Amino acid sequence: MRIFYKYLFLLAGLCSVTAQAQMKLKIEELKNIENEPAAVHPVPHPRQLKWQETEFYAFFHYGMNTYTGLEWGNGDEDRSRFAPTAAPNVRQWLEVAKQAGMRGGIAVVKHHDGFCLWPTSTTDHNVTNSGNEYGRAVNVPRDFAKAAKELDMKYGFYISPWDRNSVHYGTDRYVKDVFLRQCAELAKYGTDQFEMWFDGANGGNGYYGGRNTTVNVDRETYYDVPNLRDTVHKVCPDCVLWGVGGEARWIGNEAGWAGQTNWSTENRDYAPEKNGMYGTENGWFWLPGESDAKATNMGWFYHEGESPLSSERLFQMYLETVGRNATLILNIPPNKAGVLPEASVNALVGMGQLVKERLTHDLAVSAKITASETRRAGATRSYDVAHLTDGDKATYWAPNDETLKNTLTLMWDEPKTIRYVELMEHIAKGQRVRSFSIETTIDGEQWSRVAANVETTTIGYKRIVPLNGSTAASYDEGCVAKGIRVHIHDSRACPLLSKIAVY
Ligand code: FUL
């Protein structure tokens, strides 16, 4: 009996040790042992975060319109008109994009005319019935996905919800048996797609299988978006559904610029043409901006006589989109042979070189950086200024919770010639900064404001500020400085910066 009690006591002792350890863990959790700042909602879904990191990618409008010369085909185009003059080289499209510094591309595989660039079971209006051998061999989603994987590029597809060819357009049958099935077919070409582009142009007149009529739909409800999103995400978990899908927003000007003030948050009733460029501070869900723009001077599709914009102009677009908390999807139309014309290639590669020359040599890494305040480190992680230049998006500098005004100072031993400052917020915990300004010093004593004409309001995922205040012709002799400082004047909660770079 005595032995029994001895064991019981021992057991009770053991239990209480485990219970105590569990309790301690709970208390430490409650105490936030990593001293992590709380998120400011709304925050991005992890797939929206990955999408944002793609930053700059290509748009390829190729299809029936390439051969008819139209921008919006009516849907009654004879299939034989799709007749490439050579085997389309989808890989070349992505190779050029990569050379231009892009991280991915989106290929149009069905435009409003309904002609599908893959052998689909949902309609006869597809490549298998096209005009020649080259056409019949086309399978853009298959070849695009394959090339992207080989080139380590992200990829996705534009599939127009509006279909001016389909006899079923406007009925539930179109959504169920045509559109959703086409999306599902595309999803099978690769489960790692990063974006599906669902255009906003919707309903109107068209051929509609010979009905030659006008069909209007309510795009908010017609496409069964919740079901569409679920279906695509089950197969492609990282695929952001753009536009109709409601996971990223249209910047709304198609001219390659975003607002200097640009929030990644929105309310459901936002009007893209009005505040697509700016977003809405305190909007109740995360809806980051994507800017679609043309790299050429005519349409989205290839047209005889078109020419590309200059590399300098394209660089300016980059500064005004990627540098303003948006992504840039830049359109380059493949020609009738299914390749990107030489002039476009040169303009794009030239642009890529400008981005590389002007925005890669980071002088912040050789500066001594100090902060007006740094958050107390947690058990295993710090919020030190070193995180501003460690190249790791998961780490960040932060002050204490209540400190909304902060200054970061970068000093060099010798004066440097500088032109741009790049800042990044750790947006996984919400977009915060409302107002900041930049100053430089030549002697380390006197500081003066630079780029005072720039609206230094939001930062977001990425903000690039030209120190001479101009995104056009911004690469002049630069500004000589021994030091630079960034004042954060206001923020929705303590600012969390993952990067500061000076070029
Ligand atoms: C628009 C479409 O109507 C154009 O044809 C083009 O595809 C562009 C990117 O989106 O809304």
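Here the structure is a predicted model, which means the values were calculated and not measured. Counting convention: from 1, in listed order, for ligands and their atoms alike.
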J.: For the ring pair (Phe, Tyr, Trp, His ring centres under 6.0 Å) test, which of Phe82, Tyr134, Phe301, Phe115 pairs with Tyr67?
T.: Phe82

J.: When rounded to the nearest 0.5 angstrom, what is the spacing between CZ in Phe315 and CD in Glu357?
T.: 9.5 Å

J.: Listing by chain and number, which residues have a heavy atom under 4.0 Å from ligand 1?
T.: Phe59, His61, Trp72, His111, His112, Tyr158, Trp197, Asp199, Ala201, Glu254, Asp292, Trp300

J.: Listing request: all ring-ring contact (aromatic ring centres under 6.0 Å, His included) pairs with a residue in residues 208-233, at least two apart in sequence or in separate chains.
T.: Tyr169-Tyr208, Tyr169-Tyr222, Phe179-Tyr223

J.: Gln182 pairs by side-chain hydrogen bond (donor to acceptor under 3.5 Å, both in side chains) with which of Thr122, Asp163, Asn126, Asp177?
T.: Thr122

J.: Does a side-chain N-to-carboxylate-O contact under 4.0 Å join Arg463 and Glu422?
T.: no

J.: Passes salt bridge (charged side-chain N to carboxylate O under 4.0 Å, His left out), Asp76 versus Arg164? Steps please.
T.: CA-CA 8 Å; Asp76 58 356; Arg164 301 173 95 189; over 6 Å; no

